[in-house]
Visitor: 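Structure in structure tokens, see below.
For the single chain, residues carry numbers from 1 onward in sequence order.
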Amino acid sequence: MKKLDQYKTLFRMYQTYRSGRLYPSYPPIRLWIEPTNRCNLRCVMCPNSSDKVKSRGFMEMSLYERIIDQVRGVVYDANLHHTGESLLHPELPRMVRLARDAGIYTRLHTNATLLDEEKSRALIAAGLDLISFSFDGYDAETYEKIRRGADFEKTLINIKRFLALKRELRSETPYTIFEVINFSQGTKEQIAAFKAPLMELGLNRFIVKEPHNWSGEFEVEGEETMIGNRDFFVPCTFPWYALVIFYDGTVYPCPQDFFGKLKIGDLNTQTIQEVWHGVALVDLRRRMKAGDYEGLNPCQQCDMIFRKTFMGVPTSNLKTYLSENIVGYGKLKRLLEK
């Protein structure tokens with residue numbers, strides 16, 4: 001998607017969301033495509049570690065190729081991850097390349113435990129635009145307690161090797177982010193000492209994120225304070241700009257719907273456009289517009305619809321979203337592409 005077209009779509013999206021129109025005149029601007037819902041870890045806070053997951057598998061490349069063909073030139077970016085560890089999919093670098101060749105910016109969120117040199121080289125060569133490393137804890141004891149099944153030192157070596165390799169190859173991409181969920185561990189001095197060598201290797205951003213309640217699937221200490229006033233409802237933005245596609249082709253409106261409670265379509269029998277303007281998603285927009293979220297799972301347990309807003313839009317991740325969509329994944333890279 002060209003930059004001017006992207007700006008126009010963002011403006012139409014804002015107008016459509018604020019007015020509560022049920023049939024957007026634009027296609028979804030962002031996708032979550034799940035290569036697999038399998039994971040090699042059992043993290044304490046992750047819903048994917050639950051026995052509630054009914055089935056696990058890998059997305060077939062024929063399905064992935066159909067998805068990319070349908071959104072070629074219209075979707076701005078695709079998150080090639082959801083509930084599982086995407087590095088488990090043997091065709092992940094090819095998935096990245098197919099999306100990039102279709103003009104779609106690609107993002108990957110990974111626990112980095114499987115990020116060996118071969119995978120690192122393949123992802124960089126494929127043109128991955130953004131990679132975020134999910135890593136909780138600043139010492140082995142804390143990290144391995146949270147990230148059950150992971151090795152602190154080995155994973156940190158993987159990340160540092162990836163950063164060093166990107167520098168060695170003189171690649172502008174991918175934009176690199178190190179994410180830590182703030183579980184109240186780590187002093188300022190400890191965090192600074194942990195962060196410094198990563199930044200020296202060329203890490204672009206180091207983010208300490210506040211936990212949310214994963215649509216009610218994870219209890220957060222002080223959740224009521226975090227949510228604020230439950231009488232202050234703001235419609236969720238996802239039904240107006242994104243789709244989440246599970247590995248089996250079923251479609252959902254929100255990446256927080258880990259267990260597939262709110263199915264809105266199936267790409268084995270429908271197209272993206274048919275789902276986007278389908279009865280299920282239109283009805284969800286109608287209910288969000290009316291504030292009718294009672295009995296709507298997982299929405300009614302989610303903290304996102306009770307958060308603060310700016311110009312009618314929830315402020316959670318708003319700064320990051322706008323910077324990615326207006327400035328892009330690295331300002332220098334955008335300028336070089338013009």
Visitor: Taking Leu22 as the starting point, is it possible to reach Leu281 by hopping between hydrophobic residues whose side chains are less than 4.5 Å apart?
Guide: no

Visitor: Assess, by modelled atom type and distance only, whether the side chains of Thr176 and Asn204 contain a donor and an acceptor separated by less than 3.5 Å.
Guide: yes

Visitor: Between Tyr105 and Arg100, is there a cation-pi geometry (under 6.0 Å to ring centre, at most 45° from the normal)?
Guide: yes

Visitor: Taking Pro24's backbone N and O only, do any of them form a donor-acceptor pair with His277's side chain (distance below 3.5 Å, no angle check)?
Guide: yes

Visitor: Step through it carefully: locate the ring centre of Tyr247, locate the ring centre of Phe58, and say whether they are under 6.0 Å apart.
Guide: no

Visitor: Does atom CD of Glu118 have more than 12 heavy-atom neighbours from other groups under 6.0 Å away?
Guide: no

Visitor: Applying a strict under-4.5 Å side-chain criterion to I, L, V, M, F, W and Y, I'd like to know whether Leu243 and Leu296 cluster together.
Guide: yes

Visitor: Using the six-membered ring wherever Trp is involved, compare the ring planes of Phe233 and Tyr293 and label them parallel, tilted or perpendicular (cut-offs 30° and 60°).
Guide: parallel

Visitor: Is the shortest side-chain N to carboxylate O distance from Arg121 to Glu117 below 4.0 Å?
Guide: yes

Visitor: Roughly how far, to the nearest 0.5 Å, is the OH atom of Tyr64 from the CD atom of Glu34?
Guide: 13.5 Å

Visitor: Main chain of Ser86, side chain of His81: is a donor-acceptor contact present, judged purely on distance under 3.5 Å?
Guide: no

Visitor: Is there a side-chain contact between Phe259 and Thr83, using heavy atoms and a 4.5 Å cut-off?
Guide: no

Visitor: We want to know whether Asp139 and Thr142 form a side-chain donor-acceptor pair, criterion being a heavy-atom distance below 3.5 angstrom.
Guide: yes

Visitor: Test of understanding: clusters of I, L, V, M, F, W, Y form through side-chain heavy atoms closer than 4.5 Å, transitively. Do Leu114 and Met59 belong to the same one?
Guide: yes

Visitor: If you take all heavy atoms of Ala78 and Ile104, which pair is closest and at what distance?
Guide: N-CG2, 3.7 Å

Visitor: Apply side chain to side chain contact (heavy atoms under 4.5 Å, CB included) to the pair Asp257 and Val244, showing each step before the final yes or no.
Guide: CA-CA 9 Å; Asp257 188 2; Val244 180; over 6 Å; no

Visitor: For the residue pair Asp151 and Tyr143, what are the closest heavy atoms and their distance?
Guide: C-CE2, 3.8 Å

Visitor: Should Tyr17 and Val282 be regarded as members of a common hydrophobic cluster, given that ILVMFWY residues are connected when their side-chain heavy atoms come within less than 4.5 Å of each other, either directly or indirectly?
Guide: no

Visitor: For Asn111 and Cys39, run side chain to side chain contact (heavy atoms under 4.5 Å, CB included): C-alpha distance rounded to whole Å, both residues' side-chain angles, the deciding distance at 0.1 Å, then the answer.
Guide: CA-CA 9 Å; Asn111 61 40; Cys39 189; 4.0 Å; yes

Visitor: Return the minimal non-hydrogen interatomic distance between Ser120 and Leu115, and the atom names on each side.
Guide: OG-CG, 3.4 Å

Visitor: Surrounding CD of Glu141 (heavy atoms of other residues, nucleotides or ligands, distance under 6.0 Å), is the total greater than 12?
Guide: no

Visitor: Would the distance check show the side chain of Arg30 and the main-chain N or O of Ala242 forming a donor-acceptor pair, the cut-off being under 3.5 Å?
Guide: no

Visitor: Between Arg66 and Glu60, does at least one N-O distance fall below 4.0 Å, as a salt bridge requires?
Guide: no

Visitor: Taking only Lys NZ, Arg NE, NH1 and NH2, and the carboxylate oxygens of Asp or Glu, determine whether Asp283 and Arg287 approach each other closer than 4.0 Å.
Guide: no

Visitor: Check whether any side-chain heavy atom of Cys43 lies under 4.5 Å from a side-chain heavy atom of Arg148, and answer yes or no.
Guide: no

Visitor: Any side-chain heavy-atom pair from Tyr23 and Thr16 closer than 4.5 angstrom?
Guide: no

Visitor: Using 30° and 60° as the class limits, which term best fits the ring planes of His82 and Phe258: parallel, tilted or perpendicular?
Guide: parallel

Visitor: Would you say the side chain of Leu267 lies within less than 4.5 Å of the side chain of Ile245, judging by non-hydrogen atoms?
Guide: yes

Visitor: Could you state the interatomic distance from OG1 (Thr237) to CE (Met288), rounded to the nearest 0.5 Å?
Guide: 9.5 Å

Visitor: Without swapping roles, check the side chain of Thr36 against the backbone of Gly57 for a donor-acceptor pair under 3.5 Å.
Guide: yes

Visitor: Just by distance, do the side chain of Lys166 and the backbone of Pro174 share a donor-acceptor pair under 3.5 Å?
Guide: yes

Visitor: Report yes if some heavy atom in the side chain of Glu65 is under 4.5 Å from a heavy atom in the side chain of Arg94; otherwise report no.
Guide: yes

Visitor: Evaluate Tyr14 against Trp240 for ring pair (Phe, Tyr, Trp, His ring centres under 6.0 Å), listing each step before the verdict.
Guide: CA-CA 9 Å; Tyr14 174 73; Trp240 278 272; over 10 Å; no

Visitor: Before giving the answer on ring pair (Phe, Tyr, Trp, His ring centres under 6.0 Å), spell out for Tyr26 and Tyr241 the whole-Å C-alpha distance, their side-chain angles and the decisive distance to 0.1 Å.
Guide: CA-CA 9 Å; Tyr26 51 86; Tyr241 89 97; 9.4 Å; no

Visitor: Can you see whether Trp276 has Arg285 sitting over its ring - NZ or CZ less than 6.0 Å from the centre and within 45° of the normal?
Guide: yes

Visitor: Is it the case that the side chain of Asp129 and the backbone of Leu108 share a donor-acceptor pair, with hydrogens and angles ignored and the cut-off at 3.5 Å?
Guide: no

Visitor: CD/Gln300 to CG/Asp292 distance, rounded to the nearest 0.5 angstrom?
Guide: 10.5 Å

Visitor: Gln15 versus Arg21: any side-chain heavy-atom pair under 4.5 Å?
Guide: yes

Visitor: Can you measure from CD1 (Ile131) to CD1 (Ile159) and round to the nearest 0.5 angstrom?
Guide: 8.5 Å

Visitor: Look only at the side chain of Arg56 and the backbone of Gly84, and say whether a donor-acceptor pair between them is shorter than 3.5 Å.
Guide: no

Visitor: Working to the nearest 0.5 Å, report the span between CG of Leu128 and CG of Leu92.
Guide: 8.0 Å

Visitor: Can a donor-acceptor pair be found, under 3.5 Å and without considering hydrogens, that links the side chain of Thr250 to the backbone of Phe246?
Guide: no

Visitor: Salt bridge (charged side-chain N to carboxylate O under 4.0 Å, His left out) for Arg147 and Asp136? Distances and angles first, verdict last.
Guide: CA-CA 7 Å; Arg147 298 271 168 177; Asp136 300 309; 2.7 Å; yes

Visitor: What about Phe162 and Met199, same hydrophobic cluster or not, with Ile/Leu/Val/Met/Phe/Trp/Tyr joined at side-chain heavy-atom distances under 4.5 Å?
Guide: yes

Visitor: Salt-bridge test for Asp116 and Arg161: reply yes if a basic N is under 4.0 Å from a carboxylate O, no otherwise.
Guide: no

Visitor: Show the nearest heavy-atom pair for residues Leu201 and Ala164, with the distance to one decimal.
Guide: CD2-CB, 4.4 Å

Visitor: Mind listing the closest non-hydrogen atom pair of Phe238 and Pro255 along with its distance?
Guide: CE2-CD, 3.5 Å

Visitor: Would Ile264 and Val275 count as a side chain to side chain contact (heavy atoms under 4.5 Å, CB included) here? Give the steps.
Guide: CA-CA 7 Å; Ile264 57 171; Val275 174; 4.0 Å; yes

Visitor: If we only count heavy atoms from C-beta on, is the Ile124 to Leu169 side-chain gap below 4.5 Å?
Guide: yes

Visitor: Please name the pair of heavy atoms, one in Cys299 and one in Ile305, separated by the smallest distance, quoted to 0.1 Å.
Guide: O-CD1, 3.4 Å

Visitor: Is there side-chain contact between Ile177 and Ile207, with heavy atoms separated by less than 4.5 Å?
Guide: yes

Visitor: Indicate whether any N or O donor in one side chain lies under 3.5 Å from an N or O acceptor in the other, for Asn40 and Thr113.
Guide: yes

Visitor: Do Leu80 and Trp32 pass the side chain to side chain contact (heavy atoms under 4.5 Å, CB included) test, and can you show the C-alpha distance, the side-chain angles, and the key distance before you say yes or no?
Guide: CA-CA 6 Å; Leu80 298 182; Trp32 271 259; over 6 Å; no

Visitor: What residue among Leu41, Asn37, Thr110 forms side chain to side chain contact (heavy atoms under 4.5 Å, CB included) with Glu85?
Guide: Thr110

Visitor: Going by atom types alone, do Tyr175 and Ser132 pair a side-chain donor with an acceptor below 3.5 Å?
Guide: no

Visitor: Out of curiosity, Lys195 NZ to Gln190 CD, how far, rounded to the nearest 0.5 Å?
Guide: 14.5 Å

